[in-house]
Amino acid sequence: MAAPPPNDGYGQYPPQQYGEQPQYAVDPAQQAYGSPASPPPPAGAQHGADHGKKKKRAYAAQAFEVATGGNAVVGGQPAAAAQYGIPQPAAPGFGGYPAQDVQQPAYGAPTSPYGASQPAVPGVGGYQAPDPYYGQGAAPAAVGPAPGSVAGITAGIQSMGFGGQPQQPQQPSAQARGPVNQLYPTDLLNQPFNVAELELPPPPIVLPPNSSVTPSPDANCAPKYVRSTLNAVPTTHSLLKKSKLPFALVIQPYAALHDLDDPVPVVQDQVISRCRRCRSYINPFVTFLDHGHRWRCNMCNLTNDVPQAFDWDAAAQKSVDRWQRHELNHAVVEFVAPQEYMVRPPQPLVYLFLFDVSYAAVSTGLLATSARTILDSLDRIPNADRRTRLGFIAVDSSLHYFSVPRDTEENGETSMLVVSDLDEPFLPVPGELLVPLTECRQNIQSFLNKLPEMFANNQSNGNCMGSALRAGHKLIAPLGGKIVVLSSSLPNVGYGKLEMREDKKLLGTSKESGLLQTANSFYKSFAVECSKNQVSIDMFLFSSQYQDVASLSNLPRYTGGQTWFYPGWNAARAEDAVKFASEFSDYLSSEIGLEAVLRVRATTGLRMSTFYGNFFNRSSDLCAFPAFPRDQCYVVEVAIDENLTKNFVCLQTAVLHTTCNGERRIRVMTLALPTTTNLADVYASADQCAIATYFSHKAVEKALGNSLDAARDLPQQKVTELLQTFRKELGGGSMGGGLQFPSNLRGLPALCLGLTKHVGLRKSALIPSDIRSAALCQLSTLPLPLLMQYIYPRLYSLHDMPDNAGIPDPETSQIVLPPPMNLSSERFAPFGLYLIDDGQTQFLWVGRDAVPQLILDVFGVQERTQVAVGKGTLPELDNDFNERVRNVIAKSRDHKSKGVGSITLPHLYIVREDGEPSLKLWAQTLLVEDRADQGMSFQQWMGMLREKVSN
């Protein structure tokens with residue numbers, strides 16, 4: 001039975017650690033809000049509007065009185081708002097288009113029952129959003145040297161098709177470069193950024209006509225797999241340097257945890273055609289010569305023979321149409337690898353679990369929850385080839401090995417073998433410690449049921465995890481596989497022993513960076529040793545005390561693993577137990593790759609210079625992964641060594657790996673990008689989200705290698721350089737005052753501010769080093785969509801969400817989310833209900849003047865003071881609005897809909913504006929645009945940038 005949880009604040013940040021008081025430019029008590037009424041809901045979305053309308057009318061007047069203080073509403077805003085000088089969302093332009101006047105509703109749209117009018121179609125501050133900054137639709141007059149209009153370019157792209165005649169593609173000459181993307185400068189001060197822009201796709205990749213050998217729409221790589229910071233590449237190093245923009249790829253080879261959720265074409269015939277010189281794989285951008293008998297490599301220009309079997313189906317014994325082959329139609333394909341791609345038979349999937357069984361792990365319920373989750377997940381662990389092996393070692397001040405017999409043996413009892421020699425731990429029965437899941441299933445189940453009882457009365461506070469890791473490595477090194485560490489205490493005996501080194505006096509000082517460094521060199525050197533033997537390590541860390549995440553996270557960092565941190569975790573809290581059990585079960589079910597290597601090849605003149613992510617850089621361009629996860633991304637910086645003479649370049653990422661089912665495969669992703677000699681094209685085609693991802697990885701590198709101050713300065717320095725360059729080189733300063741920047745980069749200053757104020761980097765004397773280290777692990781591994789949300793969280797207004805929000809879309813059956821809002825307390829109405837979500841944690845914010853009917857509908861209690869604050873869940877009540885709020889919370893948690901694989905199940909914290917101060921202040925640290933602690937507000941940030949650029 002797990003002990004009751006200690007009073008540790010709210011399970012993550014104890015109150016005294018996160019009492020960071022935001023200082024508001026506007027007194028929150030003086031805010032008054034309203035928004036224009038919404039248009040009628042779309043057909044098929046009447047469920048939320050019609051249900052219980054009579055009931056809603058009964059308390060709409062009450063909420064209206066609270067919202068306006070009895071004042072008239074003029075132009076969609078309470079008249080009282082103006083007297084406080086509160087900046088109202090004035091419908092600025094969206095994506096570089098002129099600001100629009102606020103549209104007065106010409107129809108009686110239903111208002112919210114909770115006091116605020118419904119926002120219109122998602123836009124800025126609830127107003128109608130114009131077209132995005134690229135694509136179709138009307139556009140203002142072009143500013144900048146690039147000719148043509150967006151509409152014209154789009155029409156041109158559509159008329160091009162994506163390829164030409166497959167048999168005889170025409171390669172345009174280098175001089176035939178046309179316009180790439182139009183440049184639309186925008187004033188960052190008068191046309192402010194709106195968070196909805198972060199959901200837009202990156203600027204289009206505009207390739208010359210007939211670039212690919214087939215007209216397939218999938219010939220170029222989709223951004224969910226590979227994104228470039230620049231979708232138009234400078235032809236020279238000097239032009240790239242002049243732009244101050246980074247050139248890097250953000251690579252996420254898998255967009256889901258399971259193949260069925262993201263199918264990719266598989267080339268089964270083992271006919272793999274590669275360039276003899278650069279070893280690139282044949283792809284949609286090669287050129288066929290000599291009546292199709294030869295092909296010219298699009299990377300190095302070498303001419304290669306087409307394999308004889310390329311046009312032959314060996315299984316059906318008949319010729320096939322070459323132009324239907326997957327590798328000529330799809331930029332992302334998987335090849336089933338023949339024997340020559342294997343240095344040994346494909347390894348089986350191996351999981352070795354290292355259980356912390358010290359008093360801390362037993363008393364918090366970690367051991368029991370871990371064992372139960374593995375037991376319940378045995379059917380989910382990939383085992384299609386029936387070769388999966390499991391092993392178990394328990395760890396306190398000694399090592400406890402478990403020998404699990406096969407189900408067919410008469411004596412089916414699992415035997416425990418204890419080894420106390422921690423300096424040279426040996427394997428007592430090495431052949432019986434890693435057992436086949438299929439043949440030992442029943443005895444594994446029996447063992448996992450009994451495991452918690454074996455250590456129920458353990459009083460030992462020892463933890464020899466370093467010695468256990470060495471023993472585990474020795475056990476699985478001949479095969480390779482995953483070591484899964486489940487620990488709730490600091491390794492304090494044996495190899496890799498760590499000391500308590502947290503010193504609160506150092507937090508917030510220049511010496512704080514030392515706490516983020518590795519305390520014991522064992523954790524780096526051992527990780528490299530593991531990588532050589534195809535052993536990956538994942539850390540699941542649970543502790544209410546200091547655990548030295550900075551040191552332990554080196555093990556996953558160099559072995560292709562991940563660090564999951566659960567501060568203050570206790571199984572006696574149902575929310576804690578459910579979160580870990582859900583995430584751990586999904587982790588065990590993920591279809592990981594094994595003994596993998598990743599390499600990026602590119603057109604002559606380009607070179608991969610630096611790699612970021614969790615792996616070991618085995619050589620200058622080869623990244624080694626003992627296990628290849630599906631929920632991480634990697635950043636590769638690209639250098640231009642020689643002038644580029646082609647009108648487009650290609651970058652090809654290849655991941656050679658063994659699947660969970662014992663099949664050797666190569667996943668190939670080919671990205672083609674146009675080249676340009678025009679600086680305006682480079683800026684107009686820059687991807688702000690990819691650039692922010694690159695800055696995030698660079699900042700983590702500086703935090704771990706230099707100092708936190710250097711890491712914090714980097715985003716500010718980089719965005720200042722870009723603003724200065726744009727002003728100097730592209731006339732950004734000749735258009736009056738303000739702060740000019742391309743519309744497609746308008747969110748970059750906000751993302752850079754979010755990065756500097758992130759818990760992993762921000763200056764504060766109140767952030768424990770374990771919390772900071774765990775956040776740095778996330779900043780350097782999260783897939784791009786989740787990283788953007790982690791840096792700049794999503795804020796949704798729930799009390800006045802549109803009628804179609806929180807219910808399934810009639811066409812897609814997906815739950816519709818309300819329009820996101822910018823992260824500022826100025827957006828908060830005192831009577832409102834809001835959801836703040838950074839992808840890892842959710843906060844449900846209840847305003848201090850929330851009306852009783854809202855409280856009753858959502859929480860099922862009569863008074864606001866009766867709402868339980870802290871970590872929790874919403875009750876399921878029999879009313880329409882409660883269901884819609886729960887649907888929005890669940891949809892916001894659904895990472896699969898964002899096109900990424902993730903096991904994370906965010907905690908939900910319920911926050912009352914007039915409730916627990918420490919919890920309220922923690923939630924407010926996610927409001928990036930507010931001034932808080934030692935961080936500046938968004939207005940101050942933009943003013944500082946303008947001053948730096950002007951000077």
Side-chain angles (χ1 to χ4, degrees), residues 95-96 133-134 139-150 152-153 174-188 202-208 227-249 603 605-606 637-649 651 672-692 694-695 717-736 738-749 752 945 948-950:
Y133 43 72
Y134 37 72
V143 180
S149 68
V150 167
I153 292 173
Q175 288 72 30
R177 294 186 181 98
V180 180
N181 279 307
Q182 189 61 279
L183 182 68
Y184 293 110
T186 181
D187 185 350
L188 297 178
I205 297 172
V206 185
L207 292 172
R227 282 176 83 147
S228 172
T229 56
L230 305 177
N231 282 346
V233 179
T235 54
T236 64
H237 170 73
S238 59
L239 183 59
L240 177 63
K241 188 175 180 180
K242 181 180 180 180
S243 76
K244 301 295 185 184
L245 286 161
F247 183 19
L249 301 179
T603 296
L606 299 179
E637 194 168 0
V638 187
I640 302 177
D641 287 344
E642 304 171 19
N643 291 356
L644 305 174
T645 57
K646 294 185 176 183
N647 56 358
F648 71 95
V649 294
L651 302 104
L673 300 169
T675 59
T676 181
T677 57
N678 190 332
L679 188 62
D681 287 345
V682 179
Y683 267 85
S685 301
D687 181 346
Q688 60 187 1
C689 293
I691 292 171
Y694 169 79
F695 287 164
Q717 173 196 341
K718 294 295 185 184
V719 77
T720 302
E721 283 182 354
L722 293 174
L723 287 162
Q724 289 172 335
T725 302
F726 187 76
R727 176 188 176 95
K728 176 184 175 184
E729 303 293 342
L730 294 170
S734 62
M735 302 167 62
L739 194 60
Q740 298 292 322
F741 213 36
S743 54
N744 51 297
L745 296 178
R746 198 163 65 179
L748 192 57
C752 287
L945 292 177
K948 284 181 176 290
V949 171
S950 300

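Remember, it's a predicted structure, so these values are computed and weren't measured experimentally.
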* **Residues forming a salt bridge (Lys or Arg N to Asp or Glu O under 4.0 Å) with K242, sequence neighbours excluded** => E729
* With sequence neighbours excluded, residues passing side chain to side chain donor-acceptor pair (under 3.5 Å) with D641 -> R607
* Mark yes or no for whether S743, through its side chain, and T186, through its backbone, hold a donor-acceptor pair below 3.5 Å. => no
* To do: Mind checking the CG-CD1 spacing from L240 to I640? Nearest 0.5 Å is all I need.
  => 4.5 Å
* **Interatomic spacing from OG in S228 to CD1 in I205 - rounded to 0.5 Å** => 7.5 Å
* To do: Over 60° means perpendicular and under 30° means parallel, so classify the ring planes of F726 and Y683, tilted if in between.
  => tilted
* A672: side-chain contact (heavy atoms from CB on, under 4.5 Å) partners, not counting sequence neighbours -> L207, N220, F285, F648, C650
* Donor-acceptor pair, side chain of N744 and main chain of P202, under 3.5 angstrom -> no
* To do: Please name the residue in the list N181, N647, T235, D681 that meets the side chain to side chain donor-acceptor pair (under 3.5 Å) test with T676.
  => D681
* **Contacts of E721 that satisfy side-chain contact (heavy atoms from CB on, under 4.5 Å) - sequence neighbours left out** => K244, Q717, K718
* All side chain to side chain donor-acceptor pair (under 3.5 Å) counterparts of S238, not counting sequence neighbours -> T236
* Structure fact -> D687 meets the side chain to side chain donor-acceptor pair (under 3.5 Å) criterion, sequence neighbours left out, with R227
